[in-house]
Colleague: 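Shown below is the structure under consideration.
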Protein chains: 2
Amino acid sequence: MSSAADVTPDERPVRISGIDKIERRRIALAESALKTLGELGYARTSLREIANNSEFTHGVVHYYFRDKIDLISYCVRYYKTKCAQRYDEVVESATTADELAVGFLAKMTQTLVDETPMHRLWYDLRAQSMFEEQLRPDVVAIDQLLEAMIWRILSRYAELVGGEVAVDAPTAYALVDGLFEQAVVGYADDPAGVAERLVGRVQRVLPKLIQ
Amino acid sequence: MSSAADVTPDERPVRISGIDKIERRRIALAESALKTLGELGYARTSLREIANNSEFTHGVVHYYFRDKIDLISYCVRYYKTKCAQRYDEVVESATTADELAVGFLAKMTQTLVDETPMHRLWYDLRAQSMFEEQLRPDVVAIDQLLEAMIWRILSRYAELVGGEVAVDAPTAYALVDGLFEQAVVGYADDPAGVAERLVGRVQRVLPKLIQ
DNA sequence: ACCGTCCTTTGACACTCGTCAAGACTTTGT
DNA sequence: ACAAAGTCTTGACGAGTGTCAAAGGACGGT
């Protein structure tokens with residue numbers, strides 16, 4: 001990514017100035033950290049392991065982040081910006097209820113399969129937040145983002161179908177999330193058929209949430 | 001090791017307290033461990049902390065359990081026997097749908113409030129099982145137990161109401177569990193009103209699962 | 001009484017963790 | 001080109017971890 005647009009004759013990455021370079025490094029570190037976190041989980045991921053799985057040394061991590069919580073927190077916030085708008089395009093482009101449902105379900109299974117580690121990490125972090133107070137604000141914020149996302153999908157679906165969502169936003173989110181988490185956990189145990197079962201279940205539940 | 005091969009043909013006098021005492025110690029240790037685990041979570045709980053919060057020393061823990069996973073695994077299995085039959089009495093004694101619903105919801109909020117640490121731990125362990133393979137069998141077993149429990153409640157409810165459950169057992173479990181987990185996570189953040197909101201949501205969702 | 005077995009304590013081990021500091025290397029301003 | 005500022009490497013520290021082994025105590029059978 002981002003390799004196509006170098007028109008600059010100068011090869012030196014010097015042009016990236018101060019603040020920008022710091023932010024770039026932090027993002028690179030965060031992405032590397034997220035990869036490791038997604039594979040090992042929050043508890044078993046150490047700063048050294050993160051540095052090890054990256055092109056940096058463990059000292060660099062501490063140069064760009066105050067401490068471990070600072071890094072994790074940054075990772076979570078970075079992740080947040082990417083995850084909650086996954087379905088927005090589908091919602092905006094769909095012109096019929098069926099189109100929306102199909103698009104939603106397709107994206108859902110796609111992210112389940114393609115980004116399993118990220119979802120594992122999310123459920124891990126949400127559980128950890130019950131014990132580690134410092135994680136709570138970020139987790140709560142993401143939860144609200146996801147709830148709003150589900151709500152956008154459901155209310156648009158209801159609109160297209162000519163009805164109303166029969167439950168409030170937190171309830172709708174909890175229900176859909178319950179199904180999705182079940183799929184993520186099941187996917188870790190045995191991936192075969194999990195995605196299809198998830199689709200079937202959401203398909204059958206979705207109409208019941210509209211009246 | 002070397003426990004099975006008794007060289008002495010001589011019977012070990014049937015010490016009633018023998019095996020029984022070992023099991024008793026293990027249970028006592030497990031209960032103490034569960035208390036600590038429920039408060040600190042899986043990751044931040046060390047064997048020394050468990051021993052510290054009990055009347056034993058950290059050496060005893062290793063005398064009765066091979067290693068940490070052995071202890072945790074035992075704890076989880078011990079916990080399992082208590083958690084999945086929480087609602088059985090309600091299911092058996094209820095003679096009307098309303099009675100069942102009220103009893104179920106009452107027990108649900110009661111366990112949410114009284115045993116919060118246990119539920120936190122459960123969701124923590126389920127998340128950890130995605131990363132730690134050794135935890136998976138126990139987690140899967142408990143999940144099935146809980147699924148069966150929810151199914152018993154729902155199918156009895158449908159029977160009393162004169163209908164049928166409109167979704168399959170895994171779906172029903174995922175939906176209810178989604179609502180419950182939302183409540184547990186929310187309870188850790190701010191307990192006020194969480195139980196009431198949970199009751200309201202389950203009350204509104206429950207009829208939609210019957211047809 | 002003594003002895004062997006079970007139980008428990010204590011202390012040590014090898015290791016990993018987060019954190020930091022001293023110095024080396026690189027880039028930038030002038 | 002030279003010095004200052006920024007960036008990175010390396011190695012160390014103390015604390016905490018799981019694990020284990022060697023003693024000490026308790027208690028039964030003989």
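Below, read A as the first sequence line, B as the second, and so on, with proteins coming before strands; counting in each chain starts at 1. When reading the values below, keep in mind they use all heavy atoms of this one structure, side chains included, and skip hydrogens, waters and symmetry mates.
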Colleague: Heavy atoms only, 4.0 Å cut-off, all strands: where does Tyr64(B) land among base, sugar-phosphate and nothing?
Modeller: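 Sugar-phosphate, no base atom in range.
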
Colleague: Of the residues in residues 25-46 of chain B, which ones touch DNA chain C at a heavy-atom distance under 4.0 Å?
Modeller: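 Going residue by residue through residues 25-46 of chain B, the ones with a heavy atom under 4.0 Å of DNA chain C turn out to be Arg25(B).
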
Colleague: Between Glu181(B) and Arg120(B), is there a side-chain N and carboxylate O pair less than 4.0 Å apart?
Modeller: no

Colleague: The side chain of His58(A) lies closest to which of these nucleotides: dA12(D), dT7(D), dG18(C)?
Modeller: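 Output: dA12(D).
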
Colleague: To the nearest angstrom, how far is His62(B) atom NE2 from dC7(C) atom P?
Modeller: 16 Å

Colleague: Less than 4.0 angstrom from a charged side-chain N to a carboxylate O is my criterion; do Glu132(B) and Arg44(A) meet it?
Modeller: yes

Colleague: Measure from the side-chain heavy atoms of Lys21(A) and tell me the nearest of dC8(D), dT19(C), dT10(C).
Modeller: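 Among dC8(D), dT19(C), dT10(C), the one nearest the side chain of Lys21(A) is dC8(D).
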
Colleague: What is the distance from CZ of Phe65(A) to C1' of dC8(D), rounded to the nearest Å?
Modeller: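 Distance, rounded to whole Å: 15 Å.
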
Colleague: Kindly indicate whether a cation-pi arrangement holds for Lys68(B) with Tyr42(B), taking the cut-offs as under 6.0 Å to the six-membered ring centre and within 45° of the axis.
Modeller: yes

Colleague: Salt bridge check: are Arg126(A) and Asp124(B) linked by an N-O gap of less than 4.0 Å?
Modeller: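 Asp124(B) and Arg126(A): not salt-bridged.
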
Colleague: Quickly work out the Phe56(B) CZ to dC7(C) C1' distance and round it to whole Å.
Modeller: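 Answer to the nearest Å: 12 Å.
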
Colleague: Without decimals, in angstroms, what is the distance between Asp67(B) CG and dT17(D) P?
Modeller: 17 Å

Colleague: Starting at the 5' end of DNA chain C, which residue's closest nucleotide do you reach first, Gly59(B) or Gly59(A)?
Modeller: Gly59(B)

Colleague: Salt-bridged, Glu31(B) to Arg26(B), with N to O below 4.0 Å?
Modeller: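 No salt bridge links Glu31(B) with Arg26(B).
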
Colleague: Between Arg152(B) and Asp88(B), is there a salt bridge with N-O shorter than 4.0 Å?
Modeller: yes

Colleague: Kindly say whether, by distance alone, the side chain of Arg48(B) makes a donor-acceptor pair under 3.5 Å with the base of dG18(D)?
Modeller: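 Flag set: donor-acceptor pair detected.
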
Colleague: Name the residue closer to the 5' end of DNA chain C, choosing between Ile69(A) and Tyr63(B) according to the nucleotide with the nearest heavy atom.
Modeller: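 Counting from the 5' end, the first nearest nucleotide belongs to Tyr63(B).
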
